[in-house]
Participant: 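Just dropping this structure here.
In what follows, every chain begins at residue 1, and chains take the letters A, B, ... in the order their sequences are listed. Just so it is clear, the values below take in all heavy atoms, side chains as well, and ignore hydrogens, waters and symmetry mates.
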Protein chains: 2
Amino acid sequence: MGDPETMNKIETRVWTSDTVVADLERAIHEHRLPPGTKLGEDELAEAYGISRTIVRAALLALSHRHLVELKRNRGAFVAQPSVREAREVFEARSLLEPRTAHSAALRMTEAELTRLRSNIREEHAALDAGENGRALLLSGQFHVEIARIADQSTIEAFISQLISRSSLIIALYWRRRAALCETQAHHALLDAFANRDAALAEQLMKSHLLDLVASLDLRNVTQPPMSLREALQR
Amino acid sequence: MGDPETMNKIETRVWTSDTVVADLERAIHEHRLPPGTKLGEDELAEAYGISRTIVRAALLALSHRHLVELKRNRGAFVAQPSVREAREVFEARSLLEPRTAHSAALRMTEAELTRLRSNIREEHAALDAGENGRALLLSGQFHVEIARIADQSTIEAFISQLISRSSLIIALYWRRRAALCETQAHHALLDAFANRDAALAEQLMKSHLLDLVASLDLRNVTQPPMSLREALQR
DNA sequence: GCCGACATAATTGTATACAAAGTTGTGCTA
DNA sequence: TAGCACAACTTTGTATACAATTATGTCGGC
């Protein structure tokens, strides 16, 4: 594919294992790299202008977060969560996020409220601009931000992972319907936070997650591939 | 240090990244590798009879589980959770494990009950034999087994990680007192499971975790090192 | 005698070479 | 022509060589 210039990322930046992980995770979260996409080591190494060593470390990290599936002697692929895994992810979220929202409501400061408000605003703007991937990323960041405000970095790390995996789940199982319900739920949560109503925030988060699961098509039919690309690469 | 034979692991076994991770994780969990221990790459590579490539992958995996801390250009060390991190780990456990015990109670079969009973028996035997490390490992496996029975592999993975980290926390902050309370709590849980009393199991797990935190000395004094070895290697 | 700078050694970070496994394409046979 | 076997190619797995960074030990100056 042409000369290296065309496929390289920003030339000046130094890519380390962590920055490559962040870059790939973002791309996955935004659905620029859909589930099942092959992530060849040489391909990535050339794209980032680094050696396979760093790429492998990044892919290993992503596989530990269940965003990438490593098949021995076959390569790395963007993960394709099963229906089972999808249910499990949202089960885990339902255990973690409502209580975390509760804690966050009690610790919320004005500055943090402002941050959340601007997040919702950006998400809205992205939706209006038709940038669905970016909107989904921002929507996820809203949830992670709440965990951060709760000041529980361990739980935050779990939630962050679950949110990323949720993005893959949405890519696979989302049934196109109302896209606005998301931001509405976030608005409601924000009001609860603004009023420091922890109990309400907890309840709203719980409902929000149930709504999310309900908006998925988790019947076992058409389970694994859902795209012809997968049919040939597995 | 002498000829390679003396420091090698079992010669016949083929060590892969995953098996090395499991081996090291077990050693950490059993306190054979106490917090702060330097894990040199060449040292490990020679011990396992593999190259540094595999060792690095293993250390990377362990760092993602927060069992090993990687300091750039300094090396890998068995993690030393801060008081803050200790509190966070048990906060996360308190969100995950009680509900998981609830689910497990509803799904418990006779075979699984037998497994849990034998686990408690082995833990008792280990304690009697003075093998505290092994007892701690078995105690942790009891909790992970419950998550497995609940049939939620995603939550199980989180709990498994938290249990391993708890082992480090116990190594650092355990205040020597009653050592038997552990097995008593597990016995009580077992009875609840045997009676399929999900509500009771949930409550018992909640109490058990509170007792565990209470048995730790999480005052901020003497926080980081706690051993002279650390004083010089950081 | 104590402190700082420089040289040396040890350890980790990265790239690359080679080996192993898998995939694909071709040609032979039935 | 369909199916199988073999060979060439591609991609990943592992080891190792080299570079960069940090730690250590020594020497000289104050």
Participant: Mind listing the residues from residues 52-59 of chain B sitting with a heavy atom below 4.0 Å of DNA chain D? Number order is fine.
Facilitator: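 Within this stretch, Thr53(B), Ile54(B) sit under 4.0 Å of the strand.
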
Participant: According to side chain to side chain donor-acceptor pair (under 3.5 Å), who are the partners of Arg115(A), at least two apart in sequence or on a separate chain?
Facilitator: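 For Arg115(A) the side chain to side chain donor-acceptor pair (under 3.5 Å) partners, ignoring immediate neighbours, are Glu145(A).
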
Participant: Can you name the residues that form a ring-ring contact (aromatic ring centres under 6.0 Å, His included) with His64(B), not counting sequence neighbours?
Facilitator: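 Residues passing ring-ring contact (aromatic ring centres under 6.0 Å, His included) with His64(B): His64(A).
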
Participant: State which residues pass ring-ring contact (aromatic ring centres under 6.0 Å, His included) with His143(B); sequence neighbours excluded, sorted by chain then number.
Facilitator: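 With sequence neighbours excluded, His143(B) shows a ring-ring contact (aromatic ring centres under 6.0 Å, His included) to His186(B), His208(B), given in chain and number order.
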
Participant: Using the test side chain to side chain contact (heavy atoms under 4.5 Å, CB included), find all partners of Arg26(B) that sit at least two apart in sequence or belong to another chain.
Facilitator: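 Listed in chain order: Glu30(B), Arg134(B), Leu137(B).
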
Participant: Can you list the residues that meet the side chain to side chain contact (heavy atoms under 4.5 Å, CB included) rule with Ser103(B), with sequence neighbours excluded?
Facilitator: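 Partners of Ser103(B) under the side chain to side chain contact (heavy atoms under 4.5 Å, CB included) test: Ala150(B).
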
Participant: Under 3.5 Å, is there a donor-acceptor pair linking the side chains of Ser153(A) and Arg148(A)?
Facilitator: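 Judged by distance alone, the side chains do not pair up.
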
Participant: 5' to 3' on DNA chain D, which nucleotides open and close the contacts with chain B (atom under 4.0 Å from a heavy atom)?
Facilitator: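 So the outermost contacting nucleotides come out as dT14(D) to dA23(D).
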
Participant: Can you name the residues that form a side chain to side chain donor-acceptor pair (under 3.5 Å) with His31(B), not counting sequence neighbours?
Facilitator: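 Result, side chain to side chain donor-acceptor pair (under 3.5 Å) vs His31(B): Ser167(B).
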
Participant: Please list, chain by chain and in numerical order, all residues satisfying side chain to side chain donor-acceptor pair (under 3.5 Å) with Thr53(B), sequence neighbours excluded.
Facilitator: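 Thr53(B) satisfies side chain to side chain donor-acceptor pair (under 3.5 Å) with Ser51(B) once adjacent residues are dropped.
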
Participant: Could you name each residue pair satisfying salt bridge (charged side-chain N to carboxylate O under 4.0 Å, His left out) that touches residues 152-170 of chain B, not counting sequence neighbours?
Facilitator: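 Only Glu85(B)-Arg165(B) qualify under salt bridge (charged side-chain N to carboxylate O under 4.0 Å, His left out).
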
Participant: Identify the pairs formed between an N or O of the protein and an N or O of nucleotides 8-11 of chain C at a distance under 3.5 Å, and give each distance.
Facilitator:
none

Participant: Applying side chain to side chain donor-acceptor pair (under 3.5 Å), can you list everything that pairs with Thr109(A), at least two apart in sequence or on another chain?
Facilitator: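 Here the qualifying residues are Glu112(A).
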
Participant: If I take atom CD in residue Glu69(B) and atom C1' in nucleotide dT12(C), what distance separates them, rounded to the nearest angstrom?
Facilitator: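 Result: 16 Å.
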
